[in-house]
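The structure under discussion appears below in the form of structure tokens.
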Amino acid sequence: MHQLKIAALLLCAITAGGNALAQNTKPAGGFTPPVPVGQTSNTPIDSIAVVVNEDVITRRELAERIKTVVGRMKAQSVQLPGDADLQRQILERMIVERAQMQLAKEMGVRVDDNQLDRAIARIAEQQKLTVQDMRNQMEKEGITFAAFREEIREEIVMQRLREHEVDSKVQVSDAEVDAHLAAEAAAAAEQFEMNISQIMIRIPENASPEVIAQRKARADEVMRQLRTGADFAKMAATYSDASDALKGGEVGWRSAERLPPLFAEALEKLKPGQVTPVMKSVGAFHIIKLTDKRSVAEAQAAAAVTQNHVRHILIKVTPTVSAADAKRKLVELKERLDNKAAKFEDLARLASNDTSASKGGDLGWLYPGDTLPEFEAAVNGLKIGEVSEPVETSFGYHLIEVLERKSEDLSKEKQRNAARNAIRERKTEEAAEDWQRQVRDRAYVEYRSDDLK
């Protein structure tokens, strides 16, 4: 059955080429190599580049992605790797994305056009443009707006998939917070943040000793080139398997507690501009560059922080409940609340799709940063006892009510909250990398040409 499906997909791809395909002599295996980066063809030929599970990536899709990425890298003044290396990097990213999108489809994760329109409107607003202005700007740069829409749709789907598969499963215990705070107290009084970049050579799951040795040799070759003066950003764009490869491997500013201990210990010995030796983690070989280092001013001994005691009713968007349905249901519930026809806690117990439903929707006292920005903005705009209009977040739609508000010295609580967030962020990043590696390793991938590997 699998071979029949692949044969059908191949037939569709060949048919898309029209008569022009029949007029060209095909190499052995029936594969027409991709047009090299920077070149074009006057003949509209398309064929399968890679099979990913039950789906395919065509040569035309690959060429379009290469064009987009090259444009972005040039705009950001990132030095381009060689054509073959750039093509390999982009194709690997497309394989991972295609495998993730297939998983999302299996799980029913979708983004409808209305949600997509709102997301694009927010992007335009952040850039202080209208949607039409943003569209005009893209078309001048040779990027079709339809392709941009689908790219944003895929990003939202993958974000929601990651939230379900990774973020929601990361837990931070009180013992971890205690240990983190104890380590901070024992550290030197002056602490630093480090601006770092990385090159990561992935080790496939259940890799044989021979494959591990090959990946180690690749990492050693990268290190050899770095020692002879190669540009780190170009090496990252050429060789790294990390998602930030095409940004020159730039990770950004991180404090030591936000890094795996293996990295933090190695970076402490470096001066800005230096790189670590090749380091091996569970799933990869790593080379980290310390780009810069800066001191962090100590927090004030006490600070006044506003807390809000909040409850909510959440209606999630699912394959059977559209965004419009969720919003409409909350509007109906709010009308009942406004007319004093029901109590908030009773409606939460009956209708909310959240674990707080059993508590009447009560989320307790919330600190700044505890919730998503859209949720927090709505909370801050409410008066005590006021119920919001439906508020959209990545979790779904909410009705929110602020029960109480207070401001007091919460320095110890803030420290624990900051520690918990730092630990959660580090564990989430590690879990996301591991999950992405597992999705890639589980995928059936068939290259239709050795030149693409």
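Along the sequence shown, residues carry numbers from 1.
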Looking only at side chains, do Glu163 and Gln159 share a donor and an acceptor under 3.5 Å apart?
yes
Residues that Glu64 engages under salt bridge (charged side-chain N to carboxylate O under 4.0 Å, His left out), provided they are two or more places apart:
none
Between Asn136 and Gln132, does any side-chain donor sit less than 3.5 Å from a side-chain acceptor?
yes
Short side-chain donor-acceptor distance under 3.5 Å, His286 and Ser281
yes
Within 6.0 angstrom of Glu155 CD, more than 12 heavy atoms from elsewhere
yes
Per the side-chain contact (heavy atoms from CB on, under 4.5 Å) rule, which among Leu350, Ile313, Val387 passes with Leu333?
Ile313
Would you please say whether a donor-acceptor pair under 3.5 Å links the side chains of Tyr239 and Gln89?
no
When every non-hydrogen atom of Pro390 is compared with those of Leu399, the smallest separation belongs to N-CD2, 4.0 Å
Are Ser352 and Asp354 linked by a side-chain donor-acceptor pair shorter than 3.5 Å?
no
SB check Lys327 Glu332 (cutoff 4.0 Å)
no
Spacing of Met107 atom CE and Leu103 atom CG [to the nearest 0.5 Å]:
6.0 Å
Check each of Ile90, Val78, Val70 against Leu246 using the side-chain contact (heavy atoms from CB on, under 4.5 Å) test, and report the only one that passes.
Ile90
Partners of Asp244 by side chain to side chain contact (heavy atoms under 4.5 Å, CB included), sequence neighbours excluded?
Gln198, Ala242, Lys247, Val251
Looking only at side chains, do Asn421 and Glu425 share a donor and an acceptor under 3.5 Å apart?
no
Please give me the minimum heavy-atom distance between Thr238 and Pro81, naming the atom from each residue.
OG1-CB, 3.0 Å
Atom NZ of Lys329 with >12 non-hydrogen neighbours under 6.0 angstrom
no
